[in-house]
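Nothing here was measured: the structure is a model prediction, and the numbers come from that model. Residue numbers begin at 1 in each chain, while the letters A, B, ... track the order of the sequences.
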Protein chains: 2
Amino acid sequence: MNKVISASQKATRAQTKEHNKRFILKTIYERDPISRADLARLTKLTRASISNVVAALLEENLVHEVGLAKKSVGKPPTLLSFNKSARQLITLDLANDQFRGCLMNLRGDITDRVKISVEEQRGESAVDKVVELIEELKAKATEPLLGIGIGTPGVIEPYRGVVKSAINLNWSDLPLGDMLEERFDIPVYIANDAQLAALAQYLFSPDKESIKNLILVKVGRGIGSGIIFGGEIFFGDGFSAGEIGHVVVDPNGKLCTCGHNGCLETMASTRALSEQMTQIAMANPSSKLHDKARAGHPLHSNDILQAHQEKDFTVQPVIERSGRFLGGAIAHLVGAMNIRHIYIAGSMARFGDALLEPIRQEVFRRSYPALINQIDIEISDLGADIVVLGAAALVLNFELGIV
Amino acid sequence: MNKVISASQKATRAQTKEHNKRFILKTIYERDPISRADLARLTKLTRASISNVVAALLEENLVHEVGLAKKSVGKPPTLLSFNKSARQLITLDLANDQFRGCLMNLRGDITDRVKISVEEQRGESAVDKVVELIEELKAKATEPLLGIGIGTPGVIEPYRGVVKSAINLNWSDLPLGDMLEERFDIPVYIANDAQLAALAQYLFSPDKESIKNLILVKVGRGIGSGIIFGGEIFFGDGFSAGEIGHVVVDPNGKLCTCGHNGCLETMASTRALSEQMTQIAMANPSSKLHDKARAGHPLHSNDILQAHQEKDFTVQPVIERSGRFLGGAIAHLVGAMNIRHIYIAGSMARFGDALLEPIRQEVFRRSYPALINQIDIEISDLGADIVVLGAAALVLNFELGIV
DNA sequence: AATATTTTGTTTGATGAATTAACTAAATCA
DNA sequence: TGATTTAGTTAATTCATCAAACAAAATATT
């Protein structure tokens with residue numbers, strides 16, 4: 001199985017076959033377990049064609065026969081099941097301060113985890129860390145590897161696997177995909193972390209049947225978003241679609257490193273939260289964070305989360321402030337793109353409803369009233385593994401056509 | 001020839017054939033005139049297959065043989081040409097105060113125009129006006145009609161041809177497509193006017209080779225935009241993608257009919273321009289518009305345009321004001337979607353650079369610096385016919401696969 | 001209990017769209 | 001004049017889906 005068919009190209013019989021093979025595998029993946037006869041009914045292909053393709057999938061070990069089903073009348077159908085253990089995936093999240101890697105099966109279940117701290121490692125030596133991580137995971141693999149998926153902050157050209165720029169790692173125009181494919185001889189797919197998080201939300205969301213478009217906003221030390229149109233990541237002309245971190249939300253706001261005032265990232269990220277919280281906690285002796293703030297330690301978002309969970313009343317207003325700025329930016333996205341489903345992820349999402357409600361309020365306040373009841377904003381349920389899940393989704397999508 | 005193949009469906013031989021037929025016709029359309037041998041080289045199909053399909057296209061009269069080309073050596077190739085006169089199209093623009101209809105050939109060249117004033121006609125009687133317009137154009141047709149394309153303000157469900165809501169015409173959930181198809185027995189395609197304008201910009205733009213994504217902002221009495229992703233209109237979950245008229249750009253701005261303050265439409269449309277201009281002209285005796293404004297006539301955008309062309313210095317600041325608000329909204333779109341090509345259309349676009357420059361400045365001022373030199377904002381070159389051209393593009397796209 | 005019915009999955013032959021390869025046509029090159 | 005090159009057609013081949021018949025295994029009916 002290989003890459004997806006491009007649009008303005010000739011069509012051939014081989015592509016028809018490939019398309020149907022992917023289509024059948026995807027249907028098995030989604031409806032597992034399912035019989036050949038049901039596949040024929042669902043796909044509108046004939047039982048003969050289904051049997052033919054399924055034979056190939058059994059041969060490749062991607063599908064198993066798992067016994068017979070009981071029906072009221074007629075020969076009992078043989079149930080087919082997607083063999084999630086047929087291959088394994090290596091997936092990486094090159095987050096800000098530590099690289100995390102996982103070994104997974106074809107359903108995205110994580111079997112092994114590895115972390116490497118990369119505080120001051122940048123440029124070449126950061127690439128070495130990536131190789132090291134993959135080596136370590138490869139050694140643990142018990143099944144053939146389907147591919148390597150990598151999510152990283154920065155602007156990535158996904159089709160060629162080139163990191164156009166990743167400021168925190170000091171990479172620019174780095175052909176990471178080719179380098180790793182040459183080294184490991186396995187397909188490598190790379191994309192921006194927020195874009196991958198959105199893809200994960202799409203693929204691993206329970207009610208994905210009906211959802212074809214979504215936006216996921218990832219709020220952590222940076223802010224980015226990923227846009228899914230028709231089940232695919234929308235990359236934009238310069239591969240930086242969804243990079244809303246530097247949209248100006250308050251022209252009178254604080255100066256950002258990018259040169260503008262009041263970028264979303266300076267106003268609503270966890271870093272902004274820490275700064276705001278530190279000021280307020282220092283000024284407010286009744287805050288649970290008062291001592292820590294006065295001690296000169298920069299407040300970490302974990303501290304703030306803990307204080308919030310312990311019902312510290314000084315936290316809520318600061319979260320609300322971030323929420324309102326986020327809501328303002330999201331309102332523009334929703335209004336412009338008319339996308340119904342919005343998800344919030346990243347470390348800031350741990351604040352849950354405290355963050356979600358002000359976002360909702362601000363979005364509603366700024367949106368066209370007729371559209372408001374169509375908008376559904378939720379905290380993502382995929383947690384801290386969302387980026388590696390998205391990296392897995394990317395590999396699964398390209399290698400097996402599972403979308 | 002019929003509708004495009006959907007994504008999650010089985011693939012068949014017939015679809016392969018259809019795809020290649022459209023692909024070949026599209027190539028002839030774009031490279032006109034071209035030989036069978038060149039088609040084979042471009043499409044990677046064999047000469048045998050090309051000859052087979054071209055025979056069908058000649059039979060349908062969509063393509064003509066137009067003589068031989070001279071080459072240095074070998075048998076001279078027979079040149080094929082797209083027969084733009086093989087069919088005609090009826091296209092309508094149901095603009096605010098008058099309906100305009102055109103009869104066109106397959107390249108979008110307009111051969112006949114009809115206008116109907118519909119000032120107070122709404123609901124049922126507005127539908128009658130549409131039928132009347134089509135009847136009139138149909139009578140003028142000299143070739144078989146390929147289809148009817150309609151652009152209208154409002155929220156349209158394009159695949160079913162349903163007008164979900166068109167406030168100015170007082171239509172809601174009107175199955176206009178079915179009604180007209182039943183009446184005229186010709187394929188009918190309907191979409192939002194700004195979305196169609198964007199499609200027109202995509203299809204009739206001279207350098208469309210490289211441009212796959214674009215946004216077109218249509219600024220007239222209302223403000224809307226159309227988004228093209230990968231050569232197709234992006235409709236959004238509720239078919240109102242691009243409806244940026246009611247994005248709040250100034251929370252302290254004037255109250256809009258939608259209930260919010262400072263919507264883009266209340267701040268930057270031609271109506272806003274008229275109001276602003278009237279105030280300024282009344283207060284400023286040296287303005288060429290002073291007398292007209294004092295006479296109590298509401299200033300029409302035509303008046304303002306004329307004054308501007310006569311170098312009335314009081315006009316520029318008002319246009320700039322609109323431009324800055326538009327720029328602010330566009331900056332969000334550009335930042336979020338990373339789309340490089342932005343076009344300004346609609347009656348406001350007639351102000352040209354006077355409007356364009358403040359838009360550019362505001363977009364640049366608010367955009368991530370690394371992206372600024374990627375952004376290309378232009379006034380659309382398609383003029384007042386842009387919506388009917390888009391309607392033609394819609395019909396051509398669906399019926400013949402020309403994109 | 002024997003037979004009919006229903007449903008599953010396979011087998012066999014037909015269909016048809018693209019390909020391969022051979023062929024004809026018409027020009028230039030040597 | 002004959003060789004070479006390129007264009008376009010024709011005939012045979014390929015192969016993925018389809019259609020129809022068939023075998024297998026259950027329940028339903030008599």
Engineer: Show every salt bridge (Lys or Arg N to Asp or Glu O under 4.0 Å) that has at least one partner inside residues 75-85 of chain B, sequence neighbours left out.
Structural biologist: B:Lys84-B:Asp109
Engineer: Sequence neighbours left out, what passes ring pair (Phe, Tyr, Trp, His ring centres under 6.0 Å) with B:Phe239? Give chain and number order.
Structural biologist: none
Engineer: May I ask you to verify if any side-chain N or O of B:Ser49 is less than 4.0 angstrom from the OP1 or OP2 atom of C:dT19?
Structural biologist: yes
Engineer: Are OP1 or OP2 of C:dT19 and a side-chain N or O of A:Lys10 less than 4.0 angstrom apart?
Structural biologist: yes
Engineer: Quick one: salt bridge (Lys or Arg N to Asp or Glu O under 4.0 Å) pairs with a partner in residues 197-206 of chain B, sequence neighbours left out?
Structural biologist: none
Engineer: Distance under 4.0 Å to a non-hydrogen atom of chain B counts as contact; along DNA chain D, which nucleotides mark the start and end?
Structural biologist: D:dT5 to D:dC18
Engineer: Partners of A:Phe234 by ring pair (Phe, Tyr, Trp, His ring centres under 6.0 Å), sequence neighbours excluded?
Structural biologist: A:Phe229, B:Phe229
Engineer: Once side chain to side chain donor-acceptor pair (under 3.5 Å) is applied, do any residues pair with B:Thr46, and if so which ones, sequence neighbours excluded?
Structural biologist: B:Ser49
Engineer: By side chain to side chain contact (heavy atoms under 4.5 Å, CB included), which residues pair with A:Ala55, not counting sequence neighbours?
Structural biologist: none
Engineer: For B:Thr27, give me all partners under side chain to side chain donor-acceptor pair (under 3.5 Å), at least two apart in sequence or on another chain.
Structural biologist: none
Engineer: What residues in residues 33-48 of chain B put a non-hydrogen atom under 4.0 Å from any atom of DNA chain C?
Structural biologist: B:Leu45, B:Thr46, B:Ala48
Engineer: So does A:Ser51 get a side-chain nitrogen or oxygen closer than 4.0 Å to the phosphate oxygens (OP1/OP2) of C:dT10?
Structural biologist: yes
